[in-house]
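For reference, the structure discussed in these notes is given below.
Quantities reported herein were computed from a predicted structural model and do not represent experimental measurements. Hydrogens, waters and symmetry mates play no part in the numbers below; they use all other heavy atoms, side chains included.
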Amino acid sequence: SEAATLTFSLGLPLVPVSWSGLSLVVGVSVAESLDPDKTVPLTLKWPNDLWVWGRKLGGILVETALLQGDASERYVVIGTGLNLEPRDGLGGRNEPASLSEWRADATASTVLNELIVPLATAVRQFESEGFAPFGPRFEARDALRGLEVELSDGRRGRCEGVGSEGALLVRTDAGLSSITSAEVSVRPASGSFA
């Protein structure tokens, strides 16, 4: 029987202009490969989740390590997990989304084949050009833009997209804040979004 999830890693040496925004670039690439014509509301929740119909479809994890003997080059491992089939027992809005909801023929091998070459290409473009070329593509699928959010440090504000390096821009009572994933976690203040 086919797997209910697809989990894969891509590992490669990388010397990017800047590391900022890499998880967003991965999200853009995966979303565009899964839904190139925007037939469903497949969005990206900053900094590393894929959502459709207000439910989580998958996530991205990026880890780096120094390569022995070369301080300028790091080895990056990009982990991606996607729900292919529904999970039993949760129901309602707590139930994760699955790719089979709009692509009944999706299998782990066909989806991996669709994702891997565009993903490697996007990561190499990110290495040479940084996040900036991906900004408009992220914006087109930004799940949080315009929403009220609560940050894990207690601040609340309205999301105003992402900056040129991929930092989340949140307008709080104190003004516009630039948030990096290392600083705080973000959740919609209402508890749900589409």
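Considering L168, L176, V170 as possible partners of E160, the one that fulfils the side chain to side chain contact (heavy atoms under 4.5 Å, CB included) test is L176. Put simply, the residue from R155, R156, R158 that forms a salt bridge (Lys or Arg N to Asp or Glu O under 4.0 Å) with E148 is R158.
Separation of atoms CG (L119) and CD (E32) is listed at 11.5 Å; rounding is to 0.5 Å. Note that the OG1 atom of T107 and the CG atom of L112 stand 9.5 Å from one another [nearest 0.5 Å]. The OG1 atom of T64 sits 5.5 Å away from atom CH2 of W19, with the distance rounded to the nearest 0.5 Å. Distance CZ/F126 to OG1/T121: 15.0 Å, rounded to 0.5 Å. Here the CZ atom belonging to F8 is positioned 6.5 Å from the CG atom belonging to L82, to the nearest 0.5 angstrom. Between atom CG of residue L44 and atom CD1 of residue I60 there is a gap of 7.0 Å, rounded to the nearest 0.5 Å.
N113 and S109 form no side-chain donor-acceptor contact under 3.5 Å, judged by distance and modelled atom types alone.
Of all the heavy atoms in F134 and Q125, the pair that sits closest is CZ-OE1, 3.5 Å. Considering all non-hydrogen atoms of both residues, N83 and P96 come closest at ND2-CB, 3.3 Å. Taking both residues in full, the closest heavy atoms of L14 and R124 are given as CD1-NH1, 3.5 Å, listed atom of the first, atom of the second, then distance. Of all heavy-atom pairs spanning A97 and L57, the tightest one is O-CD1, 3.8 Å. Among all heavy-atom pairs drawn from E127 and P13, the shortest one is OE2-O, 4.5 Å. Listed here is the closest heavy atom pair of T172 and S177: OG1-OG, 4.0 Å.
V76 has its side chain within reach of I78: a pair of non-hydrogen atoms, C-beta onward, lies under 4.5 Å apart. Residues V77 and L10 have side chains not in contact (no heavy-atom distance under 4.5 Å, counting atoms from C-beta outward). Side-chain contact between E85 and L99 is absent, with no heavy-atom pair separated by less than 4.5 Å.
A salt bridge does not link R74 to E63: none of the charged nitrogens lies less than 4.0 Å from a carboxylate oxygen. Ion pairing of R141 with D35 is present here, as a side-chain N (NZ or NE/NH1/NH2) and a carboxylate O approach within less than 4.0 Å. One finds no salt bridge joining E95 and K56 here, because no Lys/Arg side-chain nitrogen approaches an Asp/Glu carboxylate oxygen to under 4.0 Å.
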From CA spacing to verdict: side-chain contact (heavy atoms from CB on, under 4.5 Å), F131, E165
CA-CA 6 Å; F131 175 73; E165 296 274 316; 5.7 Å; no

F138 and V25: CA distance, side-chain angles, deciding distance, side-chain contact (heavy atoms from CB on, under 4.5 Å) verdict
CA-CA 8 Å; F138 180 86; V25 169; over 6 Å; no

Go through the steps to decide whether Y75 and L66 satisfy the test side-chain contact (heavy atoms from CB on, under 4.5 Å), and finish with yes or no.
CA-CA 6 Å; Y75 194 80; L66 282 174; over 6 Å; no

Please test D142 against T43 for side-chain contact (heavy atoms from CB on, under 4.5 Å), starting from the C-alpha separation and ending with a verdict.
CA-CA 6 Å; D142 187 350; T43 60; over 6 Å; no

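Using a 4.5 Å cut-off between side-chain heavy atoms of Ile, Leu, Val, Met, Phe, Trp and Tyr, with links allowed through other members, I179 and L169 fall into different hydrophobic clusters. Hydrophobic clustering keeps W51 apart from L61 (ILVMFWY residues linked when any side-chain heavy atoms are closer than 4.5 Å, directly or through intermediates). Placement of L24 and V17 in two distinct hydrophobic clusters is found when ILVMFWY residues are connected by side-chain heavy-atom separations under 4.5 Å, directly or transitively.
Between the side chain of S33 and the backbone N or O of S29, at least one donor-acceptor pair lies under 3.5 Å. Between the side chain of W53 and the backbone N or O of V40 there is no donor-acceptor pair closer than 3.5 Å. In this structure, D37 contributes its side chain and T39 its backbone to no donor-acceptor pair below 3.5 Å. Looking only at distances, a side-chain donor or acceptor of S100 sits under 3.5 Å from a matching main-chain atom of L84.
In this structure, E129 places its CD atom where more than 12 heavy-atom neighbours from other residues, nucleotides or ligands lie under 6.0 Å away.
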